[in-house]
There are 2 protein chains.
Amino acid sequence: MRFSIGEFSRMTSLSIKSLRLYHEKELLVPAEVDKFTGYRYYNEANYERAKAIKILKAFDFTLAEIKDMLDECADESELLPQLENKLHEIDSKIRRYREISSAIQELIHYQRESLMMNNKEFEVEEKELETILIAGYRMKGKYQDVGKGISLLYQKMGRQINGKAMALYYDAEYKEDDADFEVCFPIRKGKDEDGISVRELRGGKCVALIHKGPYEILGDSYKRIFAYIHDKGYWPLLPSREVYIKGPGWIFKGNPKNYLTEIQILVEG
Amino acid sequence: MRFSIGEFSRMTSLSIKSLRLYHEKELLVPAEVDKFTGYRYYNEANYERAKAIKILKAFDFTLAEIKDMLDECADESELLPQLENKLHEIDSKIRRYREISSAIQELIHYQRESLMMNNKEFEVEEKELETILIAGYRMKGKYQDVGKGISLLYQKMGRQINGKAMALYYDAEYKEDDADFEVCFPIRKGKDEDGISVRELRGGKCVALIHKGPYEILGDSYKRIFAYIHDKGYWPLLPSREVYIKGPGWIFKGNPKNYLTEIQILVEG
DNA sequence: ACTTGACTCTCCCCCAAGGGCAGGCCTTAT
DNA sequence: ATAAGGCCTGCCCTTGGGGGAGAGTCAAGT
């Protein structure tokens with residue numbers, strides 16, 4: 001039997017283009033090529049080889065690899081090393097894609113959550129905070145440096161992170177240039193390292209308010225929350241906390257009007 | 001601040017080639033290009049955009065997708081649809097690679113096993129066969145057609161297959177052209193369909209011999225096994241079974257000298 | 001024998017995301 | 001002023017083909 005390229009293409013479900021490419025690369029050379037017309041004619045042996053090629057292609061081998069394997073091996077058992085290599089390759093691709101997948105999922109989740117919260121108006125509320133494990137990095141400087149501290153800490157702690165970025169403010173008053181604060185993340189586990197302190201952050205009774213808008217007008221919300229505390233006759237404890245529910249994103253700086261920040265102040269009384 | 005392309009490359013860990021490509025594609029256009037020398041100069045805003053590009057590239061977006069996203073969105077929440085699409089893409093890649101991975105693992109396992117058995121000499125042995133669930137396809141024809149039946153059945157049953165291909169021979173004598181046999185696979189579960197019979201294959205006391213070599217000389221091994229049965233005073237039952245431990249592979253036909261076939265004959269007595 | 005329609009040939013350009021190199025211009029420091 | 005190192009454009013290469021142009025071929029019907 002002798003098959004023209006079109007017939008052979010239908011038999012093997014390989015496109016004519018592919019067959020010509022395989023011929024050029026000497027991966028699948030037609031049994032007969034008409035010297036005058038250049039027409040390719042395939043036979044049974046070509047068909048067997050084409051089947052092998054398709055299987056190996058389905059295993060994600062490149063054409064060059066397939067050529068080597070088919071030319072140098074006569075039995076499947078000789079393919080074992082190549083198969084093992086390819087298996088490792090595939091498995092590391094899977095690992096990589098899994099990481100990407102969970103990173104995207106996390107980002108989507110985060111965006112969804114902050115979209116949901118964006119239409120609400122927020123009131124001062126009282127709640128009970130739980131004790132959590134945090135990794136903190138103490139800094140002195142301007143409030144704007146909080147962002148840098150967060151990205152630093154994020155890179156250090158990577159996959160141990162278990163919640164949204166926070167900052168603890170140790171000053172009882174507003175300080176322009178010399179504020180004393182600590183950026184931190186809730187974490188699953190970790191150890192002290194490079195100025196990073198890992199410890200429990202005690203919970204307790206707390207007055208909280210979600211602030212919507214740019215950080216420049218955080219003062220308004222602080223005013224509201226302190227008025228509330230005063231009204232109730234509570235006594236505010238230090239450090240106060242800011243939880244950055246939605247801030248400048250990883251990708252865009254975003255619109256500061258949509259930033260969400262929860263101010264939490266532990267109180268006594 | 002104004003950075004030359006080399007400086008900017010070091011800052012962003014993007015190669016100079018990439019930066020020039022991104023410029024050409026208008027993905028990342030330098031803040032300033034010297035009209036006379038063509039030198040590119042980048043600024044802070046370029047740096048922010050480069051960071052975004054790197055993140056999206058890490059998420060496996062193409063440059064064109066990244067350009068669209070960065071040009072048309074001002075906030076991360078607007079990226080949600082694209083992120084979800086990409087997540088689906090990534091997840092289907094993971095599924096695909098997982099299938100490849102398990103197929104390769106199976107093939108490796110199979111090859112390893114048959115390599116191990118290849119140095120042994122085999123003797124007739126007695127053993128107890130368990131009852132198994134099989135999918136069988138009854139055929140009449142030549143013994144050479146067994147191969148075709150097996151690939152047909154393999155394609156139908158796919159992932160339900162739970163063991164090596166077998167054939168059941170219902171003739172008490174050797175038949176050249178008109179043999180009555182049934183190719184089958186052990187399976188996990190399944191239903192009758194298109195002439196495929198799914199049922200239990202009863203086990204029992206059995207005399208078995210692993211035959212090494214081409215199918216043409218299976219007769220020699222049958223002679224040995226029947227001699228043994230006769231010696232012991234057993235009574236052979238039909239159908240007899242052949243289990244194709246190693247035959248022509250998926251990829252190569254392989255060397256028939258290394259084929260391994262277990263002949264199993266249930267006996268009474 | 002001729003025509004016609006379906007096949008097939010080679011050759012060239014295209015995709016993504018750059019890598020590598022050649023030949024020439026530019027900047028900067030000494 | 002000069003040298004070293006930076007930067008420019010332009011061209012070819014990679015993988016696994018897809019698309020199409022223009023020309024030649026094959027097989028069947030008339």
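Throughout, protein chains are lettered first and strands after them, A, B, ... in sequence-line order, and every chain is numbered starting at 1. All values below were derived from every heavy atom in this structure, side-chain atoms included, with hydrogens, water molecules and symmetry-related copies excluded. The shown structure was predicted, so the numbers you read here are calculated from the model rather than taken from an experiment.
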Self-check item: Nucleotides bounding contact with chain B, strand DNA chain C, heavy-atom threshold 4.0 Å
Solution: C/dA16 to C/dT27
Self-check item: Bend angle of the helix from C/dA1-D/dT30 to C/dT30-D/dA1, end axes from five pairs each (to 10°)
Solution: 30°
Quiz item: Got a donor-acceptor contact below 3.5 angstrom from the B/Y215 side chain to the B/Y259 backbone?
Solution: no
Between [Y] and [X], is there a salt bridge with N-O shorter than 4.0 Å?
X      : Y      : value
A/K164 : A/E113 : yes
B/D91  : B/R96  : no
B/E65  : B/K86  : yes

Quiz item: Taking only residues two or more places apart in sequence, or in another chain, which ones meet B/R10 in a salt bridge (charged side-chain N to carboxylate O under 4.0 Å, His left out)?
Solution: none
Quiz item: What pairs with A/R112 under salt bridge (charged side-chain N to carboxylate O under 4.0 Å, His left out), at least two apart in sequence or on another chain?
Solution: B/E84
Quiz prompt | From CA spacing to verdict: salt bridge (charged side-chain N to carboxylate O under 4.0 Å, His left out), A/K140, A/E182 | solution = CA-CA 8 Å; A/K140 270 186 189 288; A/E182 182 173 15; over 6 Å; no
Quiz item: Would you say the side chains of B/Y97 and B/E99 form a donor-acceptor pair under 3.5 Å?
Solution: no
Quiz prompt | Residues in ring pair (Phe, Tyr, Trp, His ring centres under 6.0 Å) contact with B/F252, at least two apart in sequence or another chain | solution = none
Self-check item: Residues forming a ring pair (Phe, Tyr, Trp, His ring centres under 6.0 Å) with B/Y22, sequence neighbours excluded
Solution: none
Practice problem: Please lay out, stage by stage, how A/L28 and A/L19 fare under the test side-chain contact (heavy atoms from CB on, under 4.5 Å). | Solution: CA-CA 7 Å; A/L28 180 57; A/L19 290 172; 3.9 Å; yes
Quiz item: How would you list all residue pairs meeting salt bridge (Lys or Arg N to Asp or Glu O under 4.0 Å) that involve residues 18-32 of chain A, not counting sequence neighbours?
Solution: A/R2-A/E32
Self-check item: side chain to side chain donor-acceptor pair (under 3.5 Å), paired with A/E76, selected from B/K246, B/K253, B/Q111
Solution: B/Q111
Quiz item: Is there any side-chain hydrogen bond (donor to acceptor under 3.5 Å, both in side chains) pair reaching into residues 142-157 of chain A, and which pairs are they, with sequence neighbours excluded?
Solution: A/K156-A/D194
Quiz item: Taking only residues at least two apart or on different chains, which pairs with a member in residues 39-52 of chain A satisfy side-chain hydrogen bond (donor to acceptor under 3.5 Å, both in side chains)?
Solution: A/H23-A/R40, A/R49-A/D71
Quiz item: Heavy atom of residues 30-40 of chain A under 4.0 Å from DNA chain C: which residues?
Solution: A/T37, A/G38, A/Y39, A/R40
Quiz item: Taking DNA chain D as the partner, which of residues 54-68 of chain B come within under 4.0 angstrom of it by heavy atom?
Solution: none
Self-check item: Along DNA chain D, first and last positions that approach a heavy atom of chain A under 4.0 Å
Solution: D/dG16 to D/dC26
Quiz item: What does B/Y41 touch in the nucleic acid at a heavy-atom separation under 4.0 angstrom: a base, only the sugar-phosphate, or nothing?
Solution: nothing
Exercise. Starting from the 5' end of DNA chain C, give me the residue, B/K25 or A/I16, whose nearest nucleotide shows up first.
Key: A/I16
